Participant: 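Below is the structure I would like to discuss, written out as structure tokens.
Numbers restart at 1 for each chain; the letters A, B, ... are given by sequence-line order, proteins then strands. Since we're looking at a predicted model, the values are computed, not measured.
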Number of protein chains: 2
Amino acid sequence: MAKVLFKRDEVIDKSMWLFCHNGFKASSMQQIVETTGLKPGSIYHSFGNKESLFREVLTSYSAKSMAKIRETIDGAESINEGILAHLENTVAESISVDYCSCLLVKTQLELTDDGKKNNLHDFAANQLKEVESLFRSYLEREYDEETSSERAVSIMLHIFGVRIYGYQQGSAELMLKGLRVGLPWLPWN
Amino acid sequence: MAKVLFKRDEVIDKSMWLFCHNGFKASSMQQIVETTGLKPGSIYHSFGNKESLFREVLTSYSAKSMAKIRETIDGAESINEGILAHLENTVAESISVDYCSCLLVKTQLELTDDGKKNNLHDFAANQLKEVESLFRSYLEREYDEETSSERAVSIMLHIFGVRIYGYQQGSAELMLKGLRVGLPWLPWN
DNA sequence: CTATTTATTGAATAGTCACTCAATAAGGAA
DNA sequence: TTCCTTATTGAGTGACTATTCAATAAATAG
């Protein structure tokens with residue numbers, strides 16, 4: 001056999017699952033081989049090395065995340081209702097049985113900024129900055145620049161908070177109360 | 001030579017520095033040997049294994065963190081001023097050159113909950129719950145139970161947020177603005 | 001049909017990992 | 001002093017790591 005027998009997207013998705021659960025270092029190439037069904041040589045031929053594969057996974061993860069945010073806000077009756085819906089989704093996600101936080105957040109904490117160009121730490125940080133920009137651009141449809149900027153930061157702080165707080169047991173209700181206190185300008189019921 | 005030639009606390013502190021910067025898995029025993037000056041056999045004789053050593057480091061880190069919070073709040077003119085001072089300290093810390101977030105947060109994200117008893121993930125999560133309890137107990141001196149509980153959660157969400165947001169470049173001012181928006185009940189200037 | 005290109009294979013490589021253990025050295029107890 | 005306990009040593013262990021590469025198989029070009 002030869003020539004494009006596997007689907008690149010499927011390999012990315014299966015690898016994403018693994019990286020999300022175990023992080024970068026703890027996901028071994030052996031596990032990737034088992035999860036994707038590809039042989040080591042195939043992976044290296046198609047993706048270069050583990051870091052390149054991970055980079056593609058991160059890019060895909062980031063694109064999906066931002067698409068989902070857009071979808072949620074665009075589908076809501078107002079910007080603020082959309083933002084609230086996204087936060088509620090994030091909380092709901094965090095109590096699922098195999099919750100594994102956010103790959104970008106995990107990557108930023110796991111990989112150190114070694115000073116080299118295009119390191120994975122900075123890559124994740126930049127993607128998260130883009131998420132903030134996305135929220136800010138939505139807010140600017142409703143508020144002045146200053147308010148939009150402040151509230152975008154506040155949203156990011158709360159999302160990051162939920163990404164970590166979500167590991168506490170039975171935390172959904174508590175988190176929603178905490179979000180309501182910290183984001184009183186959102187249209188809570 | 002023999003018998004207690006090294007100081008246990010110093011070994012813990014030096015290992016803490018390493019674990020804070022690289023995380024659990026990425027800190028090799030070889031690095032621990034180099035950092036602490038102990039030989040492999042000595043470390044295993046005194047601490048059991050890498051996980052036990054890390055557990056002692058986590059315990060020490062948690063104790064130090066909570067002591068510092070108490071110190072800051074007890075030394076302030078009011079509970080709320082103390083909480084604000086602690087948040088400002090956290091922000092200030094996050095812009096230092098070798099910032100490495102919070103070991104408990106990093107551990108919770110790096111190590112998965114494998115379901116086993118006393119795993120490191122749960123250990124870190126429990127320590128973070130105690131930090132929340134500490135804030136709640138302070139707040140209960142000023143507010144009713146419900147308000148104290150909600151605001152303690154809100155504080156934790158913001159601290160977690162800062163722990164991650166701190167990796168963005170030039171973020172100190174932005175974070176302070178975000179905190180001011182999300183925690184308007186604190187005595188800002 | 002033949003030649004060339006290219007995806008796939010999987011055993012093999014060198015390096016790193018956490019960890020061990022017999023030998024050794026130095027206290028305290030008798 | 002002699003014995004016993006215990007901290008220290010550091011070379012060594014096997015398991016695992018990411019990665020390679022010559023061989024192979026299939027699709028495409030001429």
Participant: Assess whether atom CD of A/Glu142 is packed by more than 12 heavy atoms of other residues, nucleotides or ligands within 6.0 Å.
Facilitator: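 Atom CD in A/Glu142 is crowded, with more than 12 foreign heavy atoms closer than 6.0 Å.
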Participant: How long is the line joining CG of A/Leu53 and C1' of D/dT19, in whole Å?
Facilitator: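 It is 14 Å, rounded to the nearest whole Å.
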Participant: Taking the minimum atom-to-atom distance to the side chain of A/Pro40, which one of D/dT20, C/dA18, D/dG10 wins?
Facilitator: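 So the side chain of A/Pro40 is nearest to D/dT20.
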Participant: Centre of A/Tyr143's six-membered ring, under 6.0 Å away, within 45 degrees of the axis: is that where NZ or CZ of A/Arg151 sits?
Facilitator: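 Yes, a cation-pi geometry holds between A/Arg151 and A/Tyr143.
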Participant: Would you please classify the geometry between the A/His121 ring and the B/Tyr167 ring as parallel, tilted or perpendicular, with 30° and 60° separating the classes?
Facilitator: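 The rings of B/Tyr167 and A/His121 stand perpendicular, inter-plane angle above 60°.
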Participant: Parallel under 30°, tilted from 30 to 60°, perpendicular over 60°: which one fits the rings of B/His158 and A/His158?
Facilitator: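 Ring orientation of B/His158 relative to A/His158: perpendicular.
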Participant: For the side chain to side chain contact (heavy atoms under 4.5 Å, CB included) test, which of A/Val11, A/Asp13, A/Leu18, A/Ile12 pairs with A/Ser15?
Facilitator: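 Single pass found, and it is A/Val11.
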Participant: Atom CE of A/Met29 and atom P of C/dA14: how far apart are they, to the nearest Å?
Facilitator: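 One finds 20 Å between P of C/dA14 and CE of A/Met29, rounded.
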Participant: Whole Å only: how far is the CD1 atom of B/Ile43 from the C1' atom of C/dT20?
Facilitator: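 It works out to 14 Å between those atoms.
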Participant: What's the CD1-C1' distance between A/Ile32 and D/dC16, to the nearest Å?
Facilitator: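 To the nearest whole Å, that distance equals 15 Å.
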Participant: Which is more 5' along DNA chain D, the nucleotide nearest A/Gln31 or the one nearest A/Gly48? Just name the residue.
Facilitator: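 Nearest nucleotide further toward 5': that of A/Gln31.
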Participant: Can you measure B/Gln30 atom CD to C/dC17 atom P for me and round it to whole angstrom units?
Facilitator: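 Value for this atom pair: 6 Å.
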Participant: Has B/Lys39 got a side-chain N or O lying under 4.0 Å from the OP1 or OP2 atom of D/dT8?
Facilitator: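 For D/dT8, neither OP1 nor OP2 has a side-chain N or O of B/Lys39 closer than 4.0 Å.
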Participant: If the cut-off is 4.0 Å, is A/Tyr44 near the phosphate of D/dT19, judged by side-chain N/O to OP1 or OP2?
Facilitator: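 For D/dT19, OP1 or OP2 has a side-chain N or O of A/Tyr44 closer than 4.0 Å.
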Participant: Looking only at side-chain atoms of B/Ser28, point me to the closest of D/dT17, D/dT19, C/dC17.
Facilitator: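 So the nucleotide nearest the side chain must be C/dC17.
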Participant: When you measure from the side-chain N and O atoms of B/His45 to the phosphate of D/dA7, is any distance below 4.0 Å, counting only OP1 and OP2?
Facilitator: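 Yes, within the criterion.
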Participant: Could you state the atom-to-atom distance from CZ of A/Phe47 to C1' of C/dT8 in whole Å?
Facilitator: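 After rounding, the reported distance stands at 14 Å.
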Participant: Between A/Ser42 and C/dT9, is there a side-chain N or O to OP1/OP2 distance below 4.0 Å?
Facilitator: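 Yes.
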Participant: Hey, which sits more toward the 5' end of DNA chain C by its nearest nucleotide, B/Gly41 or B/Lys50?
Facilitator: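 Result: B/Lys50.
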Participant: How many whole angstroms separate atom CG of B/Leu18 from atom C1' of C/dA18?
Facilitator: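 The answer, rounded to whole Å, is 15 Å.
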Participant: Mind calculating the distance between CZ (A/Arg8) and P (C/dT8) to the nearest angstrom?
Facilitator: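 Rounded to the whole Å, the gap is 11 Å.
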